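All chains are named by letter (A, B, ...) in the order of the sequence lines, taking the proteins before the strands, and each is independently numbered beginning at 1. None of these values were measured; they are calculated from a predicted model.
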2 protein chains.
Amino acid sequence: MNEHLTTSIQDYLKTIYTLTADGGEASTSALASRLGVAPASVTGMLQKLASIEPPLVIYRKHQGATLTRAGERAALEVLRHHRLLETYLVESLGYSWDAVHEEACRLEHVISEDFEQRIAEQLGHPERDPHGSLIPTSTLVMPPSNDVLLSSLRGGESAVVRRMRSEDAITLRRLESLGLVPGAEVTVLVNSQFDGNLTIQVASRQPVAIDPAVSDQVFVETTEGT
Amino acid sequence: MNEHLTTSIQDYLKTIYTLTADGGEASTSALASRLGVAPASVTGMLQKLASIEPPLVIYRKHQGATLTRAGERAALEVLRHHRLLETYLVESLGYSWDAVHEEACRLEHVISEDFEQRIAEQLGHPERDPHGSLIPTSTLVMPPSNDVLLSSLRGGESAVVRRMRSEDAITLRRLESLGLVPGAEVTVLVNSQFDGNLTIQVASRQPVAIDPAVSDQVFVETTEGT
DNA sequence: AAAATTATTTAGGCATTCCTAATTTTTTGC
DNA sequence: GCAAAAAATTAGGAATGCCTAAATAATTTT
């Protein structure tokens, strides 16, 4: 079926997937900004991805793109490569978690299935990457998740940090300096519905005030059952 | 100086280097055949590589190409990546020596200097790759070598197998089945100057007859001093 | 609801790297 | 040394994936 997808196409699919996954819209401008290309280039590529065989996206003018089943599988394959690579770079080559993104972005397009399997095995088939993001399975299924944005918690609620939305090194270092790393326990002391600022306590640190630039980057899982 | 070289250019430079290194000519047709492109494409690329700033090759019509200093440095960088990667794939990921070439050919163009340094360190800064080829140093110097073709030995001479010219899996498996792997000791019992066939003995195996298709793939180092 | 703003698409181009076909140059064999 | 064969080059073109500028569609403001 899919002969071979170019690096560029893989990047488009991956970006459409991640934009859509966190409840967003894969609009022309959102894609253009994430991919660092002009909006006109995105339009052209979406038209192409919708018209090839098999179609990889569903595209209607002025309404952005959705992945088809084939497109989603291709996206999950790239995402699996990316997240396994990030994990591998941290675990086996000693990279810091804020430095792996760029390297993984280049490697993800060129590793073989054999390479993927070998690192997955060596890592013990991890479920999450260093930023806490779920790694699609080798059968290209994205495991279920019920994490929510830290900013959605109300005052008094506690939760465990699960994953970071951003892969940006500066953002990640800021989160780390606040103790906001996967696995950390966080309590929201105050959530100002008004301006979106929170007062949080991470583990047994001093409480700190954070704004949405921080709290909208952190996904947590509340400790109660379903 | 060198902003960024495309994968395609890196492949041309690497191929010119290796063709030239073993005493060959980097002719248009040799390059075309090695790179899997039409001769006309090679001519076009060589003209381009000779006219960019800084020039990466010296090119005169109908005389093939030679690397400039800048071109050689770029070639050694790619070659270092390739050979370190091959070593890493074998040592750290359990690949067999005849399976690493394709993977390294794709990875060599995308790994960072950081990645290069990390695997070099983890491997203990190896001097040779799994096929016995010398790995350029981090300062982009190719270590000296005085290996010669197995086919150049005369009857009665002994030597140690140093490296294989080919990276082709089938060829490598054939050599391995004869015991011709780096480090193996080989004695030439007979070298027929007439048809180029040899009779050799590897370690304490049974003597076997080989033809130039084999003996021209194997470089050895004679055990006497300089 | 019309005007202004923003988002998106269309149109036309450019760089890269490959191709085939035709031509020219070099090498080979007699 | 000359004709045939082989090698290399030129010419013209295609696919990718990006760009800018202009046109159109959608959304927001007033």
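With rounding to whole Å, B:M45 atom CE is found 15 Å from C:dA15 atom P. Protein atom CG of B:L46 is 14 Å distant from nucleotide atom C1' of D:dA7, rounded to whole Å. For B:Q63 and C:dT24, the CD to P distance is 20 Å, given to the nearest whole Å. The interatomic distance linking B:L31 (CG) with D:dT9 (P) rounds to 10 Å, in whole Å. Straight-line distance from the CD atom of A:Q47 to the C1' atom of C:dT9: 7 Å, rounded to whole Å. For the pair B:D11 CG and C:dT16 C1', the computed distance is 15 Å after rounding to whole Å. Remark: P of D:dA15 and NE2 of A:H4 are 18 Å apart, rounded to the nearest angstrom. The distance from atom CZ of B:R60 to atom C1' of D:dA8 is 15 Å, rounded to the nearest whole Å.
Of the side-chain N and O atoms in A:T28, one or more sit less than 4.0 angstrom from OP1 or OP2 of C:dT9. Note on A:K61: every side-chain N or O is 4.0 Å or more away from OP1 and OP2 of C:dA7. The side chain of B:S41 contributes an N or O atom lying less than 4.0 Å from OP1 or OP2 of C:dC19. Of the side-chain N and O atoms in B:T43, none sit less than 4.0 angstrom from OP1 or OP2 of D:dT10. At the phosphate of C:dT8, neither OP1 nor OP2 sits under 4.0 Å from any side-chain N or O atom of A:Y59. Within the 4.0 Å cut-off from OP1 or OP2 of C:dA15, not a single side-chain nitrogen or oxygen of B:K48 is found. Neither OP1 nor OP2 of D:dA7 sits under 4.0 Å from any side-chain N or O of B:S27.
A:D216 and A:S151 form a side-chain donor-acceptor contact under 3.5 Å, judged by distance and modelled atom types alone. Residues A:D114 and A:S112 bring no donor and acceptor atom of their side chains to less than 3.5 Å of each other.
With a cut-off of 3.5 Å on both Watson-Crick or G-U wobble distances, the partner of D:dT30 is given as C:dA1.
The aromatic rings of B:Y95 and A:F115 sit tilted relative to each other, their planes meeting at an angle between 30° and 60°.
Position along DNA chain D of the nearest nucleotide to A:H62 versus A:A40 favours A:A40 as the more 5'-ward residue.
The residue A:S8 sits close only to the backbone: its heavy atoms come under 4.0 Å of sugar-phosphate atoms, none of a base.
Relative to the side chain of B:A38, the nucleotides C:dT20, C:dC18, C:dT17 differ in distance, and C:dT20 lies closest.
Annotation: A:R165, atom CZ; neighbour count of heavy atoms from other residues, nucleotides and ligands within 6.0 Å is above 12.
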